[in-house]
Amino acid sequence: MHDYLIEMLECPACHGELAWTISERRGGRIESAEARCVGCAASYPVREGIALFLTPDLPRNDLWEQTAGRLSRYLGEHPEIERQLIDVPLDALAPADQFFRALVLEERGNYAEAQAAAGLAYPGLYTPQYLACHESQMACIVEQLRASAGPVIDLASGRCSLVEVLARRLGQPVVATDFSPRALRRDRQWLEFLGLYDRVSLLSFDARRTPFRDGAVKTLTTNLGLPNIAEPGNLLRELRRVVSGTFWAVSHFYAEGDEVNATAIHEAGLAPLLFRRSALELFAAAGWQVEVVNSQKGRALPTPRSELLGGAGIDGFPVAETVLEWCVLVAR
Ligand SMILES: C[S@@+](CC[C@H](N)C(=O)[O-])C[C@H]1O[C@@H](n2cnc3c(N)ncnc32)[C@H](O)[C@@H]1O
């Protein structure tokens with residue numbers, strides 16, 4: 001993480017001040033440190049440049065950790081499948097398997113080949129409209145942020161698609177965040193490979209309990225992060241507490257009449273932020289003024305499953321063909 005973040009941070013558990021002991025720096029970046037809360041004595045380390053502000057009390061279903069563990073175990077037990085996944089021409093694989101090959105190559109640090117595999121997988125995993133709508137929302141945020149200054153904090157950054165676009169096209173520093181340290185370790189290597197790591201800091205925390213001081217964040221973004229946060233509870237209030245500027249959220253919404261997807265989404269407990277009306281109501285109830293910009297509709301299909309890895313899937317939703325409304329939610 002970069003030095004400038006220190007003054008924006010506090011203890012995520014009790015909001016106390018942090019006392020920093022920095023053991024290793026590189027350039028304007030802290031590689032290794034300990035931040036101790038002067039109030040509750042909780043301790044938060046910085047390791048490999050990644051600041052870890054996770055608190056022990058919030059349950060964490062880290063799919064990054066689970067998928068990587070399962071994938072490497074499965075391939076270890078089935079070397080013939082591993083050969084079929086890695087040693088065949090890329091275009092002989094189904095799109096989901098091209099994507100899983102990218103994950104395996106990333107685990108091995110082979111980012112150039114992983115990039116090629118993921119690049120080929122996406123057009124087979126998503127409809128052209130899905131990809132175009134998604135691209136358009138990220139471009140919309142870039143245009144809006146061009147005139148702004150100061151760091152952009154991105155929430156639930158995952159594979160850092162939006163972080164990558166922001167770091168490439170904007171001059172200001174970017175902070176990638178996720179509750180999965182594993183995702184951020186992967187992001188560090190990925191951004192180093194792309195030559196974009198210089199301007200990016202990595203912070204691990206749960207979006208429901210962030211380590212930011214009241215009003216410390218002028219610009220918050222997220223790319224499809226909100227609906228991935230299980231048991232969101234006070235999430236939008238917590239974000240309201242820390243944001244004194246604008247929150248830009250790439251979002252997509254299911255139609256109210258889409259019964260098949262609605263039922264599956266409700267069963268997964270993810271409904272409130274995947275439907276326009278309830279999302280807007282939740283933002284308003286948490287004290288935000290919110291508007292919808294760059295709205296556009298696009299056909300979406302369930303992502304096809306792996307042919308090699310026992311039918312493993314990529315995205316949970318949609319479960320049936322649908323038309324999604326894409327937009328950027330602009331909340332102040
Ligand atoms: C699918 S990604 C969203 C796409 C991503 N923003 C991008 O630009 O590539 C969702 C991420 O949310 C993270 N996540 C889920 N629950 C979270 C929480 N409570 N706090 C922080 N991150 C969370 C997951 O680890 C995952 O990486």
Side-chain angles (χ1 to χ4, degrees), residues 12 50-69 99 102-103 106 114-115 118-119 121-122 125-126 130-131 133-142 145 152-170 174-188 190-191 194 196 200 202-212 217 220-239 242 247-252 268-270 272-274 303 313-318 326 328-329:
I50 303 170
L52 301 167
F53 281 100
L54 297 161
T55 57
D57 55 315
L58 290 178
R60 188 152 49 94
N61 188 20
D62 183 344
L63 295 177
W64 283 90
E65 205 61 63
Q66 291 167 26
T67 307
F99 184 76
L103 293 188
E106 284 177 4
Q115 186 180 37
Y122 285 124
L125 292 173
Y126 299 102
Y130 185 105
L131 294 172
C133 287
H134 192 190
E135 190 74 16
S136 166
Q137 305 313 321
M138 293 198 283
C140 170
I141 292 187
V142 168
L145 295 189
V152 178
I153 315 296
D154 186 63
L155 207 65
S157 301
R159 289 176 65 75
C160 71
S161 329
L162 179 58
V163 166
E164 186 184 323
V165 172
L166 297 173
R168 225 184 258 291
R169 300 205 210 148
L170 295 176
V174 183
V175 184
T177 76
D178 203 284
F179 75 172
S180 169
R182 185 171 198 126
L184 296 178
R185 284 196 294 273
R186 175 266 172 204
D187 290 344
R188 175 178 176 157
W190 175 244
L191 294 164
L194 296 174
L196 295 172
V200 181
L202 302 168
L203 290 189
S204 188
F205 60 81
D206 193 306
R208 297 166 297 174
R209 189 164 303 156
T210 80
F212 292 109
V217 177
L220 183 71
T221 59
T222 190
N223 170 33
L224 300 177
L226 295 178
N228 281 288
I229 294 167
E231 299 179 36
N234 281 337
L235 168 70
L236 292 176
R237 280 194 192 283
E238 168 64 358
L239 301 182
V242 301
F247 178 23
W248 309 85
V250 172
S251 305
H252 61 204
L270 296 174
L273 293 164
L274 280 174
T303 47
I314 310 280
D315 291 347
F317 302 104
W326 288 82
V328 176
L329 291 183

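This structure is a prediction, so every number in the text was calculated from the model and none was measured. Ligands are counted one by one from 1 in listed order, and the atoms in each one are counted from 1 as well.
Inclusion of Thr222 in the set of residues having an N or O under 3.5 Å from an N or O of ligand 1 is not warranted. The shortest N/O to N/O separation between Ala156 and ligand 1 falls below 3.5 Å. No N or O atom of Asp154 sits closer than 3.5 Å to an N or O atom of ligand 1. Considering backbone and side-chain atoms together, Leu162 places an N or O closer than 3.5 Å to an N or O of ligand 1.
Taking a cut-off of under 4.0 Å to the non-hydrogen atoms of Asn228, the atoms of ligand 1 that pass are 1 (C), 10 (C), 15 (C), 16 (N). Close contacts between ligand 1 and Gly158 involve ligand atoms 27 (O) [criterion: under 4.0 Å to a heavy atom]. In summary, the atoms of ligand 1 found under 4.0 Å from a heavy atom of Ile229, numbered by their order in the structure, are 16 (N), 17 (C), 18 (C), 19 (N). Of all atoms in ligand 1, listed by their number and element, those nearer than 4.0 Å to a heavy atom of Arg159 are 9 (O).
Protein heavy atom in closest approach to atom 9 (O) of ligand 1: Ser161 OG, 2.7 Å. Among protein heavy atoms, atom 22 (N) of ligand 1 sits closest to Phe179 N, 3.3 Å. The protein heavy-atom contact nearest to atom 19 (N) of ligand 1 is Asp206 OD1, 3.0 Å.
The main-chain N or O of Asp178 is never found under 3.5 Å from a side-chain atom of Ser180 such that the two would form a donor-acceptor pair. One N or O on the side chain of Glu238 and one on the backbone of Thr210 form a donor-acceptor pair closer than 3.5 Å. Here the side chain of Arg208 pairs a donor or acceptor atom with the backbone of Glu231 at under 3.5 angstrom. A side-chain donor-acceptor contact under 3.5 Å links Thr177 to the backbone of Asp154. Proximity of a side-chain donor or acceptor of Arg60 to a complementary backbone N or O of Phe179 within less than 3.5 Å is detected. With Arg186 contributing its side chain and Arg159 its backbone, the two residues share a donor-acceptor pair below 3.5 Å. Looking at Asp315, its side chain never comes within 3.5 Å of a backbone N or O of Phe317 through a donor-acceptor pair.
When Leu184, Leu226, Thr221, Asp178 are checked for heavy-atom proximity to atom 26 (C) of ligand 1, Asp178 turns out nearest. With Asn223, Leu155, Leu166 as candidates, the residue nearest to atom 3 (C) of ligand 1 on a non-hydrogen basis is Asn223.
Heavy-atom distances between Ser157 and ligand 1 reach below 4.0 Å in at least one pair.
Looking only at side-chain heavy atoms (C-beta outward), Trp248 and Val142 stay at 4.5 Å or farther from each other.
At a 4.0 Å heavy-atom cut-off, ligand 1 does not touch Ala230 at all. Looking at Trp64 against ligand 1, only its side chain comes within 4.0 Å, counting heavy atoms. The backbone and the side chain of Ala207 each have at least one atom closer than 4.0 Å to an atom of ligand 1 (non-hydrogen atoms only).
In Glu135, the CD atom is not crowded: 12 or fewer heavy atoms of neighbouring residues, nucleotides or ligands sit closer than 6.0 Å.
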Between Asn61 and Gln66, does a side chain to side chain contact (heavy atoms under 4.5 Å, CB included) hold up when you go through it step by step? CA-CA 8 Å; Asn61 188 20; Gln66 291 167 26; 2.6 Å; yes
Side chain to side chain contact (heavy atoms under 4.5 Å, CB included) for Phe205 and Leu58? Distances and angles first, verdict last. CA-CA 10 Å; Phe205 60 81; Leu58 290 178; over 6 Å; no
